[in-house]
4 protein chains.
Amino acid sequence: MPVKGESRSVTANARRAQILTATIETIAELGYGQASFARIAERAGLSSTRLISYHFAGKDELISALIADVYADMGRFMAERMADCADARDALATYIRSVVAYIAAHRAQMQALMSVFLGYRSESGASSYDADSEREVLGHLQGILRAGQESGAFRPFDTFVMAATVQRSIDGLPFLLRTAPDLDLEAYAEELAELFDRATRSAP
Amino acid sequence: MPVKGESRSVTANARRAQILTATIETIAELGYGQASFARIAERAGLSSTRLISYHFAGKDELISALIADVYADMGRFMAERMADCADARDALATYIRSVVAYIAAHRAQMQALMSVFLGYRSESGASSYDADSEREVLGHLQGILRAGQESGAFRPFDTFVMAATVQRSIDGLPFLLRTAPDLDLEAYAEELAELFDRATRSAP
Amino acid sequence: MPVKGESRSVTANARRAQILTATIETIAELGYGQASFARIAERAGLSSTRLISYHFAGKDELISALIADVYADMGRFMAERMADCADARDALATYIRSVVAYIAAHRAQMQALMSVFLGYRSESGASSYDADSEREVLGHLQGILRAGQESGAFRPFDTFVMAATVQRSIDGLPFLLRTAPDLDLEAYAEELAELFDRATRSAP
Amino acid sequence: MPVKGESRSVTANARRAQILTATIETIAELGYGQASFARIAERAGLSSTRLISYHFAGKDELISALIADVYADMGRFMAERMADCADARDALATYIRSVVAYIAAHRAQMQALMSVFLGYRSESGASSYDADSEREVLGHLQGILRAGQESGAFRPFDTFVMAATVQRSIDGLPFLLRTAPDLDLEAYAEELAELFDRATRSAP
DNA sequence: CATGAATGAGCGTTCATTCAT
DNA sequence: TATGAATGAACGCTCATTCAT
């Protein structure tokens with residue numbers, strides 16, 4: 001039985017990573033609903049699903065770990081990109097461009113993440129992962145928007161609505177990429193940046 | 001074994017409607033993945049799941065019927081609302097307000113529809129319903145946007161990106177309503193209308 | 001509820017015949033195991049399986065009627081052909097040629113009959129139809145063989161074994177025709193006639 | 001989920017054998033059509049049908065395994081018996097006696113095999129097992145017959161027809177044994193041997 | 001750390017049949 | 001005579017999980 005405390009052995013972590021990778025690929029390809037332990041084990045080349053149950057307490061923990069992993073990776077990426085932004089307008093545009101860039105470079109992960117968010121209802125906890133993560137992500141965006149309003153760069157508007165709209169405009173990309181894999185994401189990002197700059201800025 | 005020909009009997013249609021209602025409620029509440037025939041039958045107060053299989057050829061047909069029903073209803077609602085719009089700016093704002101209004105009045109239906117779109121992969125057809133319906137919906141929006149650009153009311157922008165962004169900003173509402181049922185949708189709609197008016201209009 | 005007594009109305013008989021024809025075709029094509037009421041009704045163009053249940057007390061009666069029908073028809077055919085046979089050798093050869101000829105002209109019926117015999121276990125009665133019919137058919141053949149032995153035309157042998165062998169050599173034809181529909185049945189019959197003439201006759 | 005690679009564990013093989021035995025008994029007694037997983041599991045004393053699904057990929061694999069098992073066993077038996085035959089006449093008689101002897105000693109297996117052949121339509125493959133196996137079995141018999149014709153021991157005749165007739169005369173035995181379990185199979189074999197010797201031999 | 005074996009519950013579907021017109 | 005509606009039981013199969021090494 002694997003550790004519940006703080007650290008895990010090296011090989012255990014390797015196995016977990018291997019399983020998570022297979023899980024991401026499976027969900028990205030078949031959708032959350034079709035991602036059974038059996039199919040994940042098959043893709044990972046495991047002899048039985050038992051190995052998944054062994055390294056993860058259950059499906060809930062597997063999905064939680066997946067979300068945490070992707071979020072952590074994306075968080076690192078975003079933190080680096082957002083480090084030096086001149087002002088709020090720059091920060092918003094940079095945010096949009098950065099998330100789109102991350103999605104472009106991690107299609108499977110993002111596809112899987114979205115599929116999980118939309119297909120997953122934890123039967124243990126009352127609230128879904130969606131709610132918590134959502135609040136967190138939107139919180140960050142709202143921070144940027146509020147700062148812009150305070151500095152006078154942004155016009156008055158409901159920061160929650162604006163943040164949600166920005167986020168949704170990006171969230172949908174993984175699904176869009178399913179049916180249009182050749183989409184020019186850089187151009188897409190520029191269009192969005194321009195769109196939300198006009199939607200938010202105070203001056204004409 | 002009902003129907004091969006053209007029409008259905010009155011009682012059969014009543015049963016179908018009853019089952020569809022229960023299906024919508026079940027999916028809206030539990031998500032597509034948890035919406036089994038058993039749970040639907042239980043909610044509908046049916047003696048056995050056999051009745052569902054009897055009135056619908058299979059799960060595929062049940063879901064197809066659900067989508068068609070909701071779409072038809074929404075289509076009627078939208079057509080009425082969009083009938084007389086002065087210009088493109090008005091049309092865009094009306095579109096946003098109308099869809100939001102429809103969602104506000106048909107939360108369960110929309111919740112179910114979204115859940116189906118995101119959790120459903122038809123094993124029969126290659127493409128999911130999502131792809132086809134999406135194209136259709138976006139097509140309508142793109143029509144409004146292009147008309148505005150041609151009349152000079154809208155600035156130049158990629159109509160596909162803009163249409164997708166508008167649509168996503170509304171699509172997400174059913175999910176938002178899950179965690180925030182008390183959201184002021186009228187205000188939300190006004191914020192979106194203002195947001196996209198600024199994002200699209202040509203003049204300062 | 002249809003008659004249990006002796007006669008049936010004209011239209012009822014027509015319906016029964018229509019259903020029996022569809023049943024024969026269905027069984028011949030898909031095998032007894034796949035011949036459900038639903039599939040039979042579909043092939044017969046009936047609106048519901050209820051019509052079958054209405055005209056036949058149950059599956060057992062449907063199958064019984066099928067067997068009886070085919071047997072009666074084959075019986076008439078055979079009686080005519082076997083009418084004037086010079087001697088036992090002639091009778092045996094004629095029997096073989098006649099049954100083969102009948103099979104050639106009624107492939108679906110025979111295919112269905114065989115499929116029923118081999119796939120059917122009446123849950124009501126203890127003995128299967130096979131046993132009774134078998135005895136009857138073999139009885140006829142044994143009669144021919146015994147007569148030949150008494151007249152000295154046939155050598156001594158176990159008439160039951162010989163009759164069974166003759167019958168099996170013909171029974172299998174419907175199945176053979178499945179995989180080899182172009183089989184020359186006339187030639188086949190001649191080979192069998194020669195084979196069993198040599199196997200039975202007394203003189204060298 | 002047992003095995004993707006090459007071999008199976010000891011206990012797994014034991015379970016498979018146990019399940020196969022129960023399957024054979026069930027089919028032999030009730031016929032292929034009534035041999036559900038539930039009935040097989042009950043006979044085998046398994047806690048649930050899940051164990052069957054666990055050890056065999058599906059009903060198709062279960063039936064395939066059954067056929068392969070019985071054929072392999074019969075093949076070994078026949079190979080040993082047919083090892084030293086003086087000539088074609090001897091070979092033919094030995095073939096008949098051997099198959100009958102095998103049937104006598106393995107009634108349930110043969111009953112099951114026949115029931116499967118006649119009641120089974122694989123939905124995966126276009127052709128049934130019957131067709132392939134049939135060709136193989138008849139091929140062997142035809143080999144014996146052709147050799148006899150070439151050596152002059154056998155008269156000219158269609159080897160396919162003769163082989164099919166021989167085979168059918170034996171195939172039917174399992175069914176005959178159902179209604180007449182006390183049949184003297186040794187005597188039966190002798191009658192058949194004599195019958196087909198006369199039918200095939202060239203000299204008077 | 002890993003694994004084969006086993007499990008009960010649930011899935012969507014199909015079955016022959018009965019009820020009520 | 002015909003029919004739509006309804007039904008419970010059973011089907012093969014897959015699910016995530018647990019037991020015992």
Side-chain angles (χ1 to χ4, degrees), chain A residues 1-3 8-12 14-15 34-41 46-60 62 123, chain B residues 1-3 8-12 14-15 33-41 46-60 62, chain C residues 1-2 8-12 14-15 34-41 46-60 62 123, chain D residues 1-3 8-12 14-15 33-41 46-60 62 123:
Chain A
M1 204 182 293
V3 195
R8 259 178 280 264
S9 87
V10 183
T11 68
R15 265 274 185 264
Q34 308 301 320
S36 67
F37 276 23
R39 273 190 262 262
I40 293 169
L46 307 177
S47 59
S48 99
T49 64
R50 183 62 184 80
L51 221 75
I52 304 177
S53 297
Y54 179 70
H55 285 283
F56 298 89
K59 197 163 198 184
D60 276 27
L62 175 63
E123 57 266 10
Chain B
M1 197 190 303
V3 177
R8 257 177 281 265
S9 83
V10 182
T11 69
R15 264 272 184 266
Q34 306 303 321
S36 67
F37 276 23
R39 272 190 261 261
I40 294 169
L46 307 177
S47 60
S48 90
T49 65
R50 183 62 183 83
L51 219 74
I52 304 176
S53 296
Y54 177 67
H55 285 283
F56 297 89
K59 196 162 199 184
D60 275 30
L62 176 62
Chain C
M1 206 180 296
R8 256 177 284 262
S9 86
V10 183
T11 68
R15 267 273 185 262
Q34 307 303 319
S36 67
F37 275 24
R39 272 190 263 263
I40 293 168
L46 307 177
S47 61
S48 99
T49 63
R50 184 60 184 82
L51 221 77
I52 304 176
S53 298
Y54 179 68
H55 284 283
F56 298 90
K59 196 162 198 183
D60 276 27
L62 175 63
E123 56 264 11
Chain D
M1 196 190 303
V3 178
R8 258 178 279 264
S9 84
V10 182
T11 69
R15 265 273 184 266
Q34 306 303 320
S36 68
F37 275 23
R39 273 189 260 262
I40 294 169
L46 306 178
S47 60
S48 91
T49 65
R50 183 60 183 85
L51 219 71
I52 304 176
S53 296
Y54 177 68
H55 285 283
F56 297 89
K59 197 162 197 183
D60 275 28
L62 176 63
E123 58 266 12

- Task: List in chain and number order the residues that pass side-chain hydrogen bond (donor to acceptor under 3.5 Å, both in side chains) with B:Thr11, two or more places apart in sequence or in another chain; answer none if no residue qualifies.
- Result: B:Ser9
- Quickly work out the C:Phe37 CZ to F:dT3 C1' distance and round it to whole Å. 16 Å
- Query: Starting at the 5' end of DNA chain E and moving along, which residue's nearest nucleotide shows up first, C:Ala57 or B:Gly58?
  - Reply: B:Gly58
- Mind calculating the distance between CZ (A:Phe56) and P (E:dA2) to the nearest angstrom? 12 Å
- Which residues satisfy the side-chain hydrogen bond (donor to acceptor under 3.5 Å, both in side chains) test with D:Ser47, sequence neighbours excluded? none
- For DNA chain F, the expected dot-bracket line (Watson-Crick or G-U under 3.5 Å, [ ] crossing, | inter-strand) is .||||||||||||||||||||
- Name all residues meeting the side chain to side chain contact (heavy atoms under 4.5 Å, CB included) criterion together with B:Ser48; count only those two or more places apart in sequence or in a different chain, and write none if there are none. B:Arg50
- Query: With sequence neighbours left out, what residues match D:Leu46 under side chain to side chain contact (heavy atoms under 4.5 Å, CB included)?
  - Reply: D:Arg15, D:Gln18, D:Ile19, D:Ala41, D:Ala44, D:Leu51, D:Ile52
- Consider the side chain of D:Tyr54, meaning its heavy atoms from C-beta on, and name the nucleotide among E:dA16, E:dA2, E:dG4 that approaches it most closely. E:dG4
Got a list of protein N/O to nucleotides 8-10 of chain F N/O distances below 3.5 Å?
| residue | atom | partner | partner atom | Å |
| --- | --- | --- | --- | --- |
| F:dG8 | O6 | B:Arg50 | NE | 3.0 |

- Query: How many Å lie between CZ on D:Arg8 and C1' on E:dA5, as a whole number?
  - Reply: 14 Å
- Message: Counting only side-chain nitrogens and oxygens, does B:Thr11 get under 4.0 Å of the OP1 or OP2 atom of F:dA5?
- Response: yes
- Message: Tell me the interatomic distance from C:Leu51, atom CG, to E:dT18, atom P, rounded to whole angstroms.
- Response: 15 Å
- Expressed in angstrom and rounded to an integer, what is the separation of B:Ile40 atom CD1 from E:dG10 atom C1'? 14 Å
- Query: B:Gln34 CD to F:dC15 C1': how many Å, rounded?
  - Reply: 11 Å
- Message: If you compare all heavy atoms of D:Gly58 against all heavy atoms of D:Phe37, which two are closest, and at what distance to 0.1 Å?
- Response: C-CZ, 4.2 Å
- Note on the structure: Against the side chain of B:Ser9, the closest entry in E:dA2, F:dA5, E:dA16 is F:dA5
- Message: Can you work out whether D:Ser53 or B:Arg15 has the more 5'-proximal nearest nucleotide on DNA chain F?
- Response: B:Arg15
- OP1 or OP2 of E:dG4 less than 4.0 angstrom from a side-chain nitrogen or oxygen of D:His55, does that happen here? no
- B:Lys59 or D:Leu46, whichever maps to the more 5' nucleotide of DNA chain E: D:Leu46
